Amino acid sequence: MDRDRPRPPALRRRGPGADPPQRRPEAGRQHGRPDLRHPDARVLRLERDDAAARRRHPHRHPRGCRSDGGGRRGRGLDRRPRHSHEQGGPALSNTPVRVRMAPSPTGSPHVGLARTALYNWAFARKHGGTFVFRIEDTDKERNTEESYESLIDLMQWLGLSWDEGVVVGGPYGPYRQSERTEVYADVLARLRESSYTYDCFCTTEEVDARRKASGSKVLGYDGFCRELSAEQRAAFEAEGRAPVVRFRMPDGEITFDDLVRGEITFQTEHVPDFALARANGDPLYTLTAPVDDATMEITHVLRGEDLLSSTPRQVALFEGLKAIGVAKETPAFGHLPYVMGEGNKKLSKRDPQAHMALYREQGFLPEGLLNYLALLGWSIAPDRDVFTLEEMVGAFDLRDVNPNPARFDLKKAEAINAAQMRLLSVEQVTERALPFLVGAGVVDEGSEADRELLARAMPLVAERINKLTEAVDMLGFLFVAEEDFTRDEADAAKLLDEKGVEVVQAAYDAVEPLGEWTTDAIQAALQGKLVEELGLKPRNAFGPVRVAITGRRVSPPLFESMELLGRDRGLARLRSALG
RNA sequence: GCCCCGUUCGUCUAGCGGCCCAGGACGCUGGCCUCUCACGCCGGAAGCACGGGUUCGAAUCCCGUACGGGGUACCA
């Protein structure tokens with residue numbers, strides 16, 4: 001942290017880019033009275049690396065990061081044509097990309113967070129930048145260590161590696177806000193010496209009362225304490241009131257170039273002065289996030305769209321942070337769309353579908369989930385939606401990110417996962433499925449016989465399962481001890497009726513004398529007896545046998561299954577179905 | 001209330017003024033393959049929120065409306 005840097009005088013050293021907020025002669029801000037504002041309100045314009053200007057002149061030499069321009073369709077901006085080879089300049093700006101993800105450890109991690117992490121990660125990797133993993137745990141009441149650990153666990157499971165941050169450390173640490181209190185205290189002290197903030201003694205009730213009395217419909221703080229006289233201040237202090245530190249929003253407008261949405265302008269009259277720290281001195285998110293982004297030299301802030309309307313406050317704060325020497329540059333901001341649940345609601349923590357842990361437990365592949373999540377707001381090509389992470393990194397461009405919210409669709413997530421599953425080799429699927437098989441008590445990890453059987457069986461099921469957990473249902477019959485073997489009641493009732501039992505008897509007769517118990521021999525025998533001799537349709541012939549052998553209507557291929565089961569157990573199962 | 005963001009098949013999306021009476025995917029659905037399931041293959045239904053404007057030409061640009069979301073905290 002740059003505490004030992006020479007501290008610039010609070011009210012000096014302000015270039016055009018770091019203007020001090022205007023003092024307003026009126027005591028307090030006049031809500032609903034725009035006529036009292038300066039007609040020539042200055043414009044605070046944020047054009048990081050002059051991205052916006054460049055976009056307006058696409059043929060200028062794009063020396064900067066091509067992706068830091070956030071145009072969206074419909075804005076006449078130069079969205080890069082798909083698949084056009086990147087050229088005309090390096091894909092990097094002169095300052096290397098530094099992005100971060102900064103979750104609060106509350107509850108179990110949800111899908112929106114994972115998607116944000118993925119986009120940040122992909123952006124960093126694409127530009128050879130640094131991905132920082134920071135924890136925003138200032139709220140002591142709501143944060144839990146358990147949640148912190150599940151965050152780490154999730155990121156590791158997903159394979160979204162971070163270059164700096166918790167666990168791995170780095171030159172800008174510590175990376176947990178709870179360990180950075182001195183940093184915030186220091187910055188806050190320096191901010192208080194400047195004119196960027198002021199102490200505010202108002203209570204919420206007083207603000208509300210004033211608003212009611214004035215008839216103003218504008219919500220938010222009214223600026224009452226902006227220009228407190230020494231006497232007023234002393235009076236408040238005499239009452240024993242402790243002040244919150246408020247940021248003084250400048251007049252005029254703030255426009256920034258959202259990486260995803262293009263240019264966005266806020267009139268600051270609609271952005272009330274906001275608190276940076278509680279009366280007890282605890283820093284608020286409004287302070288900690290920008291301070292961390294500043295001190296960690298984050299270049300691109302990619303976060304959820306819920307933070308969009310707090311961006312003008314942060315942009316304004318950054319001017320103050322720059323003025324006091326805490327920030328070098330204001331980062332570029334990009335607001336990613338929500339991930340919605342059923343209906344039109346943002347996927348909330350209450351929604352079971354929202355939790356990443358669920359998908360992991362259900363046997364989703366990290367690749368599958370990531371692939372699906374990537375599709376929520378981005379696409380790699382018009383006619384393709386299954387791809388690897390590496391392919392995503394190669395193609396990822398913020399300008400291709402959709403600004404509109406996406407609904408999480410389990411069915412499609414499963415389909416994508418299934419497609420990813422088929423990209424794996426049988427050995428890989430086996431390895432991934434093993435913990436589920438062991439966990440379900442199907443396979444004994446220590447048993448050589450089990451492992452061998454699994455290796456022989458997996459090729460039969462690897463291609464027909466969509467989630468790892470399905471391997472348990474598919475393979476259970478092979479590993480279960482005969483005395484524990486049971487059949488699905490509904491399947492048995494349907495297929496092992498009187499007629500079915502006759503078929504099983506015939507199958508037993510056909511297969512019992514077999515000299516060799518191989519797939520081919522079994523198939524030939526059953527085919528000959530049931531289909532050719534008895535004239536059964538294959539479907540009707542093998543259905544009952546399948547239930548007799550595997551206990552289910554849905555199973556791996558029958559003849560192979562019988563071979564794997566072995567002669568003794570195979571015959572025993574057929575016999576047991578006759579009873 | 002005010003401010004900001006958003007709106008293409010049920011869902012995720014392609015589309016950047018003529019290539020679009022809109023392409024892909026999931027789902028749904030008809031069929032093929034087939035010992036079940038899954039895969040694979042062939043086919044079908046299904047969409048530019050609405051109204052103005054600009055233009056020879058609009059899903060695409062502009063304006064408005066409607067609808068959805070977010071913010072307006074000493075929450076994040």
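Please read all numbers here as calculations on a predicted model, not as lab measurements. Numbered from 1 within each chain, the chains take letters A, B, ... in sequence-line order.
- Under 4.0 angstrom from either OP1 or OP2 of B:rG70 there lies no side-chain N or O belonging to A:Ser309.
- Partners of A:Asp208 by salt bridge (charged side-chain N to carboxylate O under 4.0 Å, His left out), not counting sequence neighbours, listed by chain and number: A:Arg211.
- Not counting sequence neighbours, the partners of A:Glu533 by the salt bridge (charged side-chain N to carboxylate O under 4.0 Å, His left out) test are A:Lys529.
- Side-chain atoms of A:Val503 and A:Leu495, non-hydrogen and from C-beta on, never get closer than 4.5 Å to each other.
- Every residue meeting the ring-ring contact (aromatic ring centres under 6.0 Å, His included) condition with A:Phe274, not counting sequence neighbours, appears here in chain and number order: A:Phe247.
- Computed from coordinates, the A:Glu263 CD to B:rC5 C1' distance equals 15 Å when rounded to whole Å.
- In this structure, A:Tyr372 has its ring center no closer than 6.0 Å to that of A:Trp378.
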What protein N or O atoms touch nucleotides 73-76 of chain B N or O atoms at under 3.5 angstrom, if any, and at what distances?
| unit_1 | atom_1 | unit_2 | atom_2 | d |
| --- | --- | --- | --- | --- |
| B:rA73 | OP2 | A:Gly220 | N | 2.9 |
| B:rC74 | OP2 | A:Arg246 | NH2 | 3.2 |
| B:rC74 | O2 | A:Ala279 | N | 3.1 |
| B:rC75 | OP1 | A:Arg278 | NE | 3.2 |
| B:rC75 | OP1 | A:Arg278 | NH2 | 3.2 |
| B:rC75 | OP2 | A:Arg278 | NE | 2.9 |
| B:rC75 | OP2 | A:Arg278 | NH2 | 2.7 |
| B:rA76 | OP2 | A:Tyr285 | N | 2.9 |
| B:rA76 | O3' | A:Ser104 | OG | 3.0 |
| B:rA76 | N6 | A:Arg313 | NH2 | 3.3 |

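- Atom name C1', nucleotides B:rA22 and B:rU60: the rounded distance is 11 Å, in whole Å.
- Straight-line distance from the CD1 atom of A:Ile416 to the P atom of B:rC26: 8 Å, rounded to whole Å.
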Donor-acceptor contacts under 3.5 Å from residues 459-470 of chain A side chains, at least two apart:
| unit_1 | atom_1 | unit_2 | atom_2 | d |
| --- | --- | --- | --- | --- |
| A:Arg464 | NH1 | A:Leu460 | O | 2.9 |
| A:Asn466 | OD1 | A:Arg422 | NH2 | 3.1 |
| A:Lys467 | NZ | A:Glu414 | OE2 | 2.9 |
| A:Thr469 | OG1 | A:Gln362 | O | 2.6 |
| A:Glu470 | OE1 | A:Asn466 | N | 2.7 |

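- Figure legend: A:Arg100 and A:Tyr175 shown without cation-pi pairing, the cationic atom not lying both under 6.0 angstrom from the six-membered ring centre and within 45 degrees of its axis.
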Atom pairs under 3.5 Å, N or O on each side, protein against nucleotides 21-23 of chain B: can you list them with distances?
| unit_1 | atom_1 | unit_2 | atom_2 | d |
| --- | --- | --- | --- | --- |
| B:rG23 | N2 | A:Pro382 | O | 3.0 |

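- Going from atom CZ of A:Arg303 over to atom P of B:rG70 covers 17 Å, rounded to whole Å.
- Listed by chain and residue number, A:Glu136, A:Asp292, A:Asp293 satisfy the salt bridge (charged side-chain N to carboxylate O under 4.0 Å, His left out) test with A:Arg134 (two or more places apart in sequence, or in another chain).
- A straight line from CG of A:Leu308 to C1' of B:rC4 spans 6 Å, rounded to a whole angstrom.
- Taking atom P on both B:rC74 and B:rU13, the two are 35 Å apart, rounded to the nearest angstrom.
- Heavy-atom distances to RNA chain B give each of A:Gly377 and A:Gln267 a nearest nucleotide, and the one nearer the 5′ end belongs to A:Gln267.
- A:Asn417 has no side-chain polar atom (N or O) that falls below the 4.0 Å cut-off from OP1 or OP2 of B:rC26.
- Remark: A:Pro243 pairs with A:Arg192, A:Asp199, A:Phe201 by the side-chain contact (heavy atoms from CB on, under 4.5 Å) rule, at least two apart or across chains.
- A:Glu179 is linked by a salt bridge (charged side-chain N to carboxylate O under 4.0 Å, His left out) to nothing, counting only residues two or more places apart in sequence or in another chain.
- Distance, A:Arg399 CZ to B:rA14 P: 15 Å, rounded to whole Å.
- Across B:rC5, B:rU13, B:rU11, the shortest atom-to-atom separation from the side chain of A:Arg407 is found for B:rU11.
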Going 5' to 3' through nucleotides 29-51 of chain B, assign each nucleotide B (protein heavy atom under 4.0 Å from a base atom), S (under 4.0 Å only from sugar-phosphate atoms) or - (no protein heavy atom that close).
-> ------BBBSS------------

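- Scanning for ring-ring contact (aromatic ring centres under 6.0 Å, His included) contacts around A:Tyr119 gives A:Phe396, with sequence neighbours left out.
- Annotation: B:rC50 and B:rU55 have their P atoms spaced 23 Å apart (nearest Å).
- Taking the ring-ring contact (aromatic ring centres under 6.0 Å, His included) definition, one finds that A:Phe559 meets it with A:Phe542, sequence neighbours left out.
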